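Here the structure comes first, spelled out in structure tokens, and everything after it is commentary.
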There are 2 protein chains.
Amino acid sequence: MEKITMADVAKEAGVSKSTVSQFLSKRYEYMSGETRKKIEKAIEKLNYHPNYLARSLKQKRTSMIGVIVANIMHRFSTEISRVIEDFFNQHDMHAIICNADNDPGKERKYIEMLRAKQVDGLIIFPTGQNIDLYTNMVEGGYPVVFMDRKVPGVAAPTIISNNLDAVYSAIEHFIENGHQQIAIASQPLTISTRTDRYEGYKKALEAYGLVINPSLMINAEIKTVRKELERLFTSGSPPTALLAANDLVFIEVLEFAKENNLQVGEDFALAVFDNIPFAHLVNPPVTTVAQSSRGMGEKAAEILLKQINKEKVDTNEIVFPCELLIRESSEKTWSGFW
Amino acid sequence: MEKITMADVAKEAGVSKSTVSQFLSKRYEYMSGETRKKIEKAIEKLNYHPNYLARSLKQKRTSMIGVIVANIMHRFSTEISRVIEDFFNQHDMHAIICNADNDPGKERKYIEMLRAKQVDGLIIFPTGQNIDLYTNMVEGGYPVVFMDRKVPGVAAPTIISNNLDAVYSAIEHFIENGHQQIAIASQPLTISTRTDRYEGYKKALEAYGLVINPSLMINAEIKTVRKELERLFTSGSPPTALLAANDLVFIEVLEFAKENNLQVGEDFALAVFDNIPFAHLVNPPVTTVAQSSRGMGEKAAEILLKQINKEKVDTNEIVFPCELLIRESSEKTWSGFW
DNA sequence: GTGAAAGCGCTAACAG
DNA sequence: CTGTTAGCGCTTTCAC
């Protein structure tokens, strides 16, 4: 259908291609009101739609950026993606969201694909396994920002939560409520996010003179978390409190509890690191550690845009505090995403 | 950084551009093993990365498709998007997800933008307000499929849930449990999805000889749903059962219930039309009507791809059944997305 | 103010 | 098997 090009419009309007081009970029100073009208009319008549692809080829700018999330099934990722998409949309740009599924191979494929498509920049939740690629981009001056996870040795701006301190507070809260047997359940400690949360846990126990007991610390693939929980709760000294280190682990805990008829809030206290929709509306009300997805997403977008516009940016980590939302009392309202 | 083009590679390898091009499209039959090696070496040495943009311009195919969701805050939209993204990824294509926020203006802007970017096709959750645009695309032979909502008068393939029957079953279930005062709460009846659900509600009541009482039927903007609920529950004959017509309304109901100390499952029975994560894990266990996001997403993607490949497709509606997941008993497990 | 001309980086006949 | 030759649709000097 759409074979009408600028040349057709030019002919129809009786002017040259360049004039039409000027018109399209709204530089009306360079033409008489009359030509302007003729062009308008011709476009209308022909139902012409410009081809941005051709323009991008020439301008070397696609007005598209890529977002590569590690695992889209974390609600945090969805929220961030939405914020980023909003931001760039306000700047007449588009965000392409890709899901690497925690697979370094997929991540590599996406990075290469998106760069081949000439996207103007990338926001990555890095798997951490493609250092060569990361380095290549950063050294080549290609706009990148890392999100959620630190990548040691790669000098790119990085947006992260204050994982350690947030977990510290959550554990502290348990302790203040009299808990002594406090467990933590996490996925494998392969990325900074998870190790930082582990550190926060240990630091809190230490600060309050409690023993760090490895048998209370789970780090396992999602598929085997359930098994670990069983071990934990059937052991001689089961935990009285448990922190799920992210929302995916949290689901496992809930399912485990349900299956084994354990009452959350009665048989053990539960908190979770991550934004959980509904958390404030159901029983048991669950204490959560909320990350600032809006703030983090906007910051990342802003820094990426700066790089795209050739402004210098710091490659320091930018750390966002989390919010501990205590909900034993069923009182506090969560002002979340909904 | 990346100013190395095919020409550079050709020169480095001592062959012509066309040969390099052949190499890149893996047509090795057309060259000697030696040239092949030379090219490989040159690419390696120069760290060359092809520019897909230029290729797309020539081939008139970008290997990108667009998804325009009406409101990304519905979990259903997220699930569908993910399925579509997966599908196209397996076909070495990319999906761009955009959020129209139920705003016809935004929808129009996105459609135009994506088409200008030459995406190969569009999957749209239509607002229903841009008929001229829809028609223009369809008549021009541009690949489109509608999702979730019917658009009368536009001959494009449409994937929908069996909204009427699903609601019918849900209401029937209420009735069988002895409820007589059954309410429904929905957003404004501006799209087929919502009117069909309303119809299902009415049809079920009629079938069982119950009166259709307009004061039990809420249709209001999310912001005013709460107020309507108040009216409903403080009226002379409050409902004993309520169906929330989607997940966003559901949240409002939960918040309303919490504020007013109404116990779901005791003070009134509650069901919701939509996939709700955790629904099976919390108290009260909520009866849900689950849509088949996987099936619907895959079907839409498949049909779009057919169109892109110039295959003929039916423009009939394709209707997917929903699943009523009854959870008063806290028994049934939901095999959802997590 | 307006037009002619030279590409952007790649593909696709068509010769040789 | 390999090279030559035209463009894809648009932007952008630089003359007129």
Side-chain angles (χ1 to χ4, degrees), chain A residues 1-40 42-43 46-64 112-120, chain B residues 1-40 42-43 46-64 112-120:
Chain A
M1 57 167 300
E2 204 101 357
K3 33 188 0 143
I4 324 128
T5 84
M6 236 173 60
D8 301 314
V9 177
K11 195 187 297 173
E12 174 72 29
V15 299
S16 81
K17 280 203 306 176
S18 356
T19 308
V20 178
S21 176
Q22 300 287 19
F23 175 89
L24 289 173
S25 17
K26 304 192 197 303
R27 306 197 193 155
Y28 303 128
E29 323 92 58
Y30 297 124
M31 71 196 69
S32 65
E34 204 185 337
T35 353
R36 183 172 160 178
K37 246 169 232 144
K38 279 193 295 185
I39 297 177
E40 255 161 14
I43 289 181
L46 265 34
N47 187 25
Y48 165 75
H49 291 279
N51 180 336
Y52 281 30
L53 215 58
R55 167 205 288 220
S56 295
L57 180 59
K58 186 74 192 181
Q59 290 185 160
K60 295 161 174 305
R61 199 178 196 282
T62 54
S63 301
M64 299 196 307
E112 285 172 348
M113 186 98 109
L114 289 171
R115 293 203 60 191
K117 289 223 158 101
Q118 313 298 115
V119 302
D120 297 335
Chain B
M1 57 166 304
E2 203 101 358
K3 34 191 354 143
I4 322 129
T5 85
M6 236 174 57
D8 300 316
V9 177
K11 195 186 297 172
E12 174 74 27
V15 299
S16 81
K17 280 201 308 175
S18 0
T19 308
V20 178
S21 177
Q22 300 285 23
F23 175 90
L24 288 174
S25 21
K26 303 194 200 301
R27 307 201 193 149
Y28 302 130
E29 323 93 58
Y30 298 123
M31 74 196 68
S32 66
E34 203 186 337
T35 356
R36 182 172 161 179
K37 246 170 234 143
K38 278 193 297 186
I39 296 177
E40 256 161 13
I43 288 181
L46 265 37
N47 187 26
Y48 165 73
H49 291 279
N51 180 336
Y52 282 29
L53 215 58
R55 167 205 288 221
S56 295
L57 180 59
K58 184 75 195 180
Q59 290 187 158
K60 294 162 174 303
R61 201 182 195 282
T62 53
S63 302
M64 301 196 308
E112 285 172 347
M113 186 99 109
L114 288 172
R115 295 205 58 193
K117 290 221 158 107
Q118 312 301 111
V119 302
D120 297 335

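Every heavy atom of this structure was used, including side-chain atoms; hydrogens, water molecules and symmetry mates were not. The chains referred to below are lettered A, B, ... by the order of the sequence lines, with proteins before strands, and numbering in each begins at 1. A quick note: this is a predicted structure, and the numbers were derived from the prediction, not measured.
- At a threshold of 4.5 Å between non-hydrogen side-chain atoms, the residues T35(B) and K38(B) count as touching.
- Nearest to the side chain of K60(A), among dG9(C), dG9(D), dG3(C), sits dG9(C).
- Taking atom NZ on K11(B) and atom P on dG9(C), their separation rounds to 13 Å, with Å as the unit.
- Nucleotide dC8(D) holds its C1' atom 11 Å from the CD atom of Q118(B), rounded to whole Å.
- Atom CG of D8(A) is separated from atom P of dG9(D) by 9 Å (rounded to the nearest Å).
- Out of dT2(C), dT2(D), dG9(D), the shortest distance to the side chain of L57(A) is found at dG9(D).
- Backbone-only engagement by T35(B) is indicated by non-hydrogen atom pairs under 4.0 Å involving sugar-phosphate atoms exclusively.
- F23(B) places its CZ atom 18 Å from the C1' atom of dG9(C), with the value rounded to the nearest Å.
- Note: NZ (K117(A)) to P (dC8(C)) measures 23 Å, nearest angstrom.
- Helix bend of the helix from dG1(C)-dC16(D) to dG16(C)-dC1(D): the angle between its two end axes, each built from five pairs, comes to 40° after rounding to 10°.
- One finds the CE atom of M113(B) at 7.5 Å from the OG atom of S63(A) (value rounded to the nearest 0.5 Å).
- The two residues L53(A) and K117(B) make their nearest non-hydrogen contact at CD1-O, 3.9 Å.
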*Tell me, for nucleotides 10-16 of chain C in 5' to 3' order, what letter each nucleotide earns: B for a base near a protein heavy atom under 4.0 Å, S for only sugar-phosphate near one, - for neither?*
BBB----
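- At whole-Å resolution of the value, CD1 in I39(A) and P in dG1(C) are 14 Å apart.
- Checked against side-chain contact (heavy atoms from CB on, under 4.5 Å), A54(B) has the following partners two or more places apart in sequence or in another chain: L57(A), N51(B).
- Open room surrounds CD on E34(B); 12 or fewer heavy atoms of other groups in view lie less than 6.0 Å from it.
- Pairs passing the side chain to side chain donor-acceptor pair (under 3.5 Å) check and including a residue from residues 4-15 of chain A, sequence neighbours excluded, read E12(A)-K45(A).
- One can place NZ of K3(B) at 13 Å from C1' of dC8(C), the figure rounded to the nearest angstrom.
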Throw together a table of side-chain donor-acceptor distances under 3.5 angstrom for residues 17-25 of chain A, partners on residues two or more places apart or in other chains.
from   : atom 1 : to     : atom 2 : distance (Å)
S18(A) : OG     : S16(A) : OG     : 3.3
T19(A) : OG1    : S16(A) : OG     : 3.3
S25(A) : OG     : S21(A) : O      : 2.8

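- Phosphate contact (OP1/OP2 of dC1(D), side-chain N/O of S32(B), threshold under 4.0 Å): absent.
- Atoms NZ and CD, on K37(B) and E40(B) in that order, are 8.0 Å from each other to the nearest 0.5 Å.
- For residues 49-62 of chain A, no residue pair satisfies the salt bridge (charged side-chain N to carboxylate O under 4.0 Å, His left out) rule, not counting sequence neighbours.
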